[in-house]
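Below, chain A is the first sequence line, B the second, and so on; all start at residue 1.
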2 protein chains.
Amino acid sequence: MPKKGDDKTSAPVELKCKVDDDSEWRTLNGDQVELFNAAVNCRSYKAGETVFMQDDPCKGLYIIESGMIAVRKMDSEGRTAVIRLGYPGDSLGYRPLLAKENHRASAEVTKDSRVCFVDAKTTWQLISKNPDLGLRFLERIAKAMGEVESRFFEVAALSVRVRLVHLLILLRDKCGRFSTDGTLVLELPLTRQDLASMIGARPESVSRAFHDLKEDGLASSSGRQVHVTQYKRLIEELHSNISV
Amino acid sequence: MPKKGDDKTSAPVELKCKVDDDSEWRTLNGDQVELFNAAVNCRSYKAGETVFMQDDPCKGLYIIESGMIAVRKMDSEGRTAVIRLGYPGDSLGYRPLLAKENHRASAEVTKDSRVCFVDAKTTWQLISKNPDLGLRFLERIAKAMGEVESRFFEVAALSVRVRLVHLLILLRDKCGRFSTDGTLVLELPLTRQDLASMIGARPESVSRAFHDLKEDGLASSSGRQVHVTQYKRLIEELHSNISV
DNA sequence: CGCCAGGTTGATTTCGCTCAAGCAATGTGG
DNA sequence: CCACATTGCTTGAGCGAAATCAACCTGGCG
């Protein structure tokens, strides 16, 4: 009978919390996994709860096991904008942690979620024990940076309609599926308000953009459900307007 | 008489290329500095030359010793926008290097410059020999990311005038000086076109914004020289509009 | 000189924001 | 179970900021 710790090549210790296969945490070896597991603290959140608040010091980072979390930024006038959506396997709060800054945004639970917390000290310990973890963060954040820079371009140069189309296509992976007749069905996890904020627009403008898309026979929306009838043409519209 | 390599605490080997005191490269120790020096390749560029091109693979990173370099992004329609200005001590191209991506922008020499090149392989070697170098990059890029995310907010919500004011204030450190009578004199290193692209506007709108600022007695511009007569009021205008 | 790129200015248009009303879906308390 | 708030979505009217289009300066420079 195989004893615990007997096996050599296969992972002897499992990470206590579920992450993507390509997650940076996969780089941890036995000892480090144990350190991780000893420190990690998982709990459930109800929709509407707040994981962390803007301007709070960053105490560590959060790994989403299940559910969905919206990261929003608020300005002094109380206007708010969603800047990222977190899905299972994603990490939140790593930017302020690595930058040694306070949180620049709040994380708000959108669907009941299970989230694991790893304190900053442990994270830094792990990074120093296993520099590869740091490099993975480096790569990830560098990629994310490229995305943000590109989107910056976009807001300035493109119409609300095109920005909306782009967002829909980005959301496809996470909350879309193709039905049998080839139409793409998106189950948007956000209010119009939040949707609008993600592309730097007002909800009314988004409504009108949806209206126009319907008029052109590209897509129709009812509430938070969007049916993209002409996915190909939608992509084309994007490509004829976007550089990347 | 002290022999070469005699001293213990003071840096025995100098970096072959001039960097800021707080540069990430300062973390390198003797061996690593030598590796760096062996690999680094400095040369001069004339204004107008290109250091690297958008979409080219990233072969390494560039350290600006002197001069000035504009980093611009171009879209499929040929519209171009300046996304960053590089000054002596800055590094360019580290984002694509770390993200293992191609360049997402071009670097164009604006004033005659001297630039040092460190190939990717050496950079990765140095990072693995000295994880602290990686951590410094991590921190820097994480901070930069926060900045970009904040500016995202700005483009969508603020008027051209306020965005221009903000840019002027950001440029103050690099190309501004206070004259004896307290006015701030900025020597802008850019055409109106480029200036406009940095804030997501058209050159005509920037012209009009300058016109308005002059009318309000805040600043006056003649060509690329801007005189800010009421620096305090300019700052106030900013603070009453910006969240951060 | 004339040329030309960069800059300003003016006239017009357009896009998206504001404000306001109406509607549907959902919740809540009597 | 119904009257009613509440919340999110849509639509319309009006407006304003900035883009577009176009003309006209201005200052180098061959």
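Ion pairing of A:R163 with A:E154 is absent here, as no side-chain N (NZ or NE/NH1/NH2) approaches a carboxylate O to less than 4.0 Å. Salt bridge annotation for A:R84-A:E147: absent, with no cationic side-chain nitrogen under 4.0 angstrom from a carboxylate oxygen. B:K174 and B:E187 are not joined by a salt bridge, as no carboxylate oxygen comes within less than 4.0 angstrom of a charged side-chain nitrogen. In this structure, A:E108 pairs ionically with A:R72, as a charged nitrogen and a carboxylate oxygen lie closer than 4.0 Å. Using a 4.0 Å cut-off between charged nitrogen and carboxylate oxygen, B:E149 and A:K73 do not count as a salt-bridge pair. By the 4.0 Å N-to-carboxylate-O rule, A:R95 lies close enough to A:E101 to be salt-bridged with it.
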Check residues 205-218 of chain B and write down every donor-acceptor pair under 3.5 Å in which the side-chain atom is one partner and the other belongs to a residue at least two apart or another chain.
residue : atom : partner : partner atom : Å
B:D216  : OD2  : B:R161  : NH1          : 2.8
B:D216  : OD2  : B:R161  : NH2          : 3.0

For nucleotides 23-30 of chain D, print each protein N/O atom paired with a nucleotide N/O atom at under 3.5 Å, atom names and distance only.
none

Report, one pair per line, the protein and nucleotides 6-9 of chain D atoms (nitrogen or oxygen only) whose separation is under 3.5 Å.
residue : atom : partner : partner atom : Å
D:dC9   : OP1  : A:R192  : N            : 3.4
D:dC9   : OP2  : A:R192  : N            : 2.7

Short N/O separations, protein against nucleotides 19-21 of chain C, under 3.5 angstrom:
residue : atom : partner : partner atom : Å
C:dC19  : N4   : A:E204  : OE2          : 3.1

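Distance A:L164 CG to C:dG16 C1': 14 Å, rounded to the nearest Å. What separates NE2 of A:H211 from P of D:dG12 is a distance of 7 Å, to the nearest Å. When rounded to the nearest whole Å, the span between CZ of B:F210 and C1' of C:dT9 equals 16 Å. What separates CG of B:L195 from P of C:dG6 is a distance of 14 Å, to the nearest Å. The interatomic distance linking A:R161 (CZ) with C:dT14 (C1') rounds to 16 Å, in whole Å. Counting to the nearest Å, the P atom of C:dG6 and the CG atom of B:L188 are 16 Å from each other. The CD1 atom of B:I199 sits 16 Å away from the P atom of D:dA17 (whole-angstrom rounding).
Within a 6.0 Å sphere centred on CZ of A:R177, other residues, nucleotides and ligands contribute 12 heavy atoms or fewer.
In the set C:dC17, D:dT20, C:dG16, C:dC17 carries the atom at the smallest distance from any side-chain atom of A:R202.
Applying the salt bridge (charged side-chain N to carboxylate O under 4.0 Å, His left out) criterion to A:K143, with sequence neighbours excluded, gives A:E139.
Sorted pairs that involve residues 58-67 of chain A and meet side-chain hydrogen bond (donor to acceptor under 3.5 Å, both in side chains), not counting sequence neighbours, are lacking altogether.
Between B:F152 and A:F152, the ring-plane angle classifies as tilted under the 30° and 60° cut-offs.
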